[in-house]
Amino acid sequence: MNRVDDKNYRERVYEIVRQIPSGRVMTYGQIAEILGEGYTPRTVGYVMHGAAENVPWQRVINSQGACSTGKMTMPVNLQQGMLESEGVAFNEKGNCDLNVYLWFPEGFEPDDDTQPSLLG
DNA sequence: AACTTGACGAGGG
DNA sequence: CCCCTCGCCAAGT
């Protein structure tokens, strides 16, 4: 499927998100990048807001390392709090260090040495 | 069928 | 470093 004809496109996003381990995060753009095809960060975000309960939506943040939930469906501090409970540290600006917490699924490697070092 | 909005991202000022 | 603009794709009105 190279197109969004099946409406199965949602599950592709969810499937990736479900694989994010606790204490790690992914960005909308990154997911869109993996899905490639006709996905964009916008689309991923749109799909994400309708995520089912079995999807750890809180582990998906924006490229700035901050929560973008705004005041729409969920308060930002809620998502941030959930992540903090998983061990993700945020600064005063509400950003976390993507170099530490960003997670890459198997088969997907960043060109840079942006791979997370993970404190342990 | 067209316009607007939205859990985004990158670039320019 | 903060603010604004443009690009992207899907859904609601």
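Throughout, protein chains are lettered first and strands after them, A, B, ... in sequence-line order, and every chain is numbered starting at 1. Just so it is clear, the structure is predicted and the values come from calculations on it, not from any experiment.
Residue A:Asn62 comes nearest to A:Ser68 through the heavy atom pair ND2-OG, 2.6 Å, listed as atom of the first residue, atom of the second, then distance.
At the phosphate of C:dC8, neither OP1 nor OP2 sits under 4.0 Å from any side-chain N or O atom of A:Thr43. Put simply, A:Tyr9 has a side-chain N or O that comes within less than 4.0 Å of OP1 or OP2 on C:dA11.
The side chain of A:Arg42 sits closest to B:dG6 out of C:dA10, B:dG6, B:dA7. Checked against B:dG9, C:dC9, B:dA7, the side chain of A:Thr40 finds its nearest nucleotide in C:dC9. Nearest to the side-chain atoms of A:Met48 among the listed nucleotides B:dG9, C:dA10, B:dA7 stands B:dA7. For A:Arg10, taking side-chain heavy atoms from C-beta onward, the closest of the listed nucleotides C:dC8, C:dA11, B:dA7 is C:dA11. Comparing B:dG9, C:dC9, B:dA7 by their nearest atom to the side chain of A:Trp57 picks out B:dA7.
The nearest whole Å value for the distance from the CG atom in A:Leu35 to the P atom in C:dC9 is 14 Å. Going from atom CD of A:Gln64 over to atom P of C:dC2 covers 10 Å, rounded to whole Å. Rounding to whole angstrom units, OH of residue A:Tyr39 and C1' of C:dC9 are separated by 11 Å. Distance A:Tyr28 OH to C:dA10 P: 18 Å, rounded to the nearest Å. Between the CG atom of A:Asn95 and the P atom of C:dC1 there is a distance of 11 Å, rounded to whole Å.
Position along DNA chain C of the nearest nucleotide to A:Pro41 versus A:Lys93 favours A:Lys93 as the more 5'-ward residue.
Considering A:Leu78, A:Ile61, A:Val76 as possible partners of A:Thr69, the one that fulfils the side chain to side chain contact (heavy atoms under 4.5 Å, CB included) test is A:Val76.
Side-chain atoms of A:Gln58 and A:Glu86 form a donor-acceptor pair, as typed in the model, at a separation below 3.5 Å.
No N or O donor and acceptor, one from the side chain of A:Tyr46 and one from the base of C:dA11, sit under 3.5 Å apart.
The backbone N or O of A:Tyr39 sits nowhere less than 3.5 Å from a side-chain atom of A:Glu33 that would complete a donor-acceptor pair.
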